[in-house]
Amino acid sequence: MFKKEIIILYYGLRDKRTKGIARLPVIVSIIYLLSPIDLIPDFIPFFGYLDDFIVVTLLLNLSIRLLPPAVREESLLKATKNQKKLQLIIFLVIILFISLLIGIFFLTRYILLSHP
């Protein structure tokens, strides 16, 4: 469901009928994720990341609720329609990322083994 909410927000925030107040929680959530200042520091196991997850989820949920009803409905329809396409794109990005990591591994191994 979280992926679908992100897609709904993507379409909803791109709509011209969406007011700035609906964009604000998304901006705050991105700043909170990137900021080194947290409610619970990230070096505390489990709880450090749990607060990030809870705060960001609540802010994104608030942003969806602040979307105008017509925009929310249209965004939901677009998200449902394009869900298969998005899953394919995510799968291809993951495959590309894994391939890149494997290539970096073998390149690093080649460089380290060829220069004693």
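We use all heavy atoms of the structure for the numbers below, so side chains are in, but hydrogens, waters and symmetry mates are not.
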Applying salt bridge (charged side-chain N to carboxylate O under 4.0 Å, His left out), which residue pairs with at least one partner in residues 81-102 are found, sequence neighbours left out?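 Salt bridge (charged side-chain N to carboxylate O under 4.0 Å, His left out) check on residues 81-102 returns no pairs.
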Within a radius of less than 6.0 Å around CG of Leu107, do more than 12 heavy atoms belonging to other residues, nucleotides or ligands occur?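 Counting neighbours around CG of Leu107, more than 12 heavy atoms of other residues, nucleotides or ligands fall under 6.0 Å, so yes.
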Expected output: side-chain Ser75 to main-chain Gly12 donor-acceptor under 3.5 Å: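 Yes, Ser75 side chain to Gly12 backbone: donor-acceptor pair under 3.5 Å.
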I'd like to know if the side chain of Ser63 reaches the main chain of Ala22, judged simply by a donor and an acceptor atom lying under 3.5 Å from each other, with no hydrogens or angles considered.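 Yes; judged by distance alone, with no hydrogens or angles, the pair exists.
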Rounded distance (nearest 0.5 Å) linking atom [atom1] of [X] with atom [atom2] of [Y]:
{"X": "Asp52", "Y": "Ser29", "atom1": "CG", "atom2": "OG", "answer": "11.0 Å"}
{"X": "Tyr11", "Y": "Asn82", "atom1": "OH", "atom2": "CG", "answer": "3.5 Å"}
{"X": "Thr108", "Y": "Phe106", "atom1": "OG1", "atom2": "CZ", "answer": "11.0 Å"}
{"X": "Leu62", "Y": "Thr57", "atom1": "CG", "atom2": "OG1", "answer": "12.5 Å"}
{"X": "Thr18", "Y": "Leu13", "atom1": "OG1", "atom2": "CG", "answer": "6.0 Å"}

Can you name the residues that form a side-chain contact (heavy atoms from CB on, under 4.5 Å) with [X], not counting sequence neighbours?
{"X": "Ile54", "result": "Leu50, Leu58"}
{"X": "Ile64", "result": "Glu5, Leu9, Arg72"}
{"X": "Val55", "result": "Tyr32, Leu39, Leu59"}

Just list the side-chain donor-acceptor pairs under 3.5 Å for residues 89-99, sequence neighbours left out, or say none.
{"from": "Ser99", "atom 1": "OG", "to": "Ile95", "atom 2": "O", "distance (Å)": "2.8"}

Among all residues two or more places apart in sequence or in another chain, which pass the salt bridge (Lys or Arg N to Asp or Glu O under 4.0 Å) test with Arg17?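 Arg17 satisfies salt bridge (Lys or Arg N to Asp or Glu O under 4.0 Å) with Asp15, Glu74 once adjacent residues are dropped.
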Please check if Ile6 and Leu67 belong to a single hydrophobic cluster, counting links between Ile, Leu, Val, Met, Phe, Trp and Tyr side chain heavy atoms closer than 4.5 Å.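 Same cluster.
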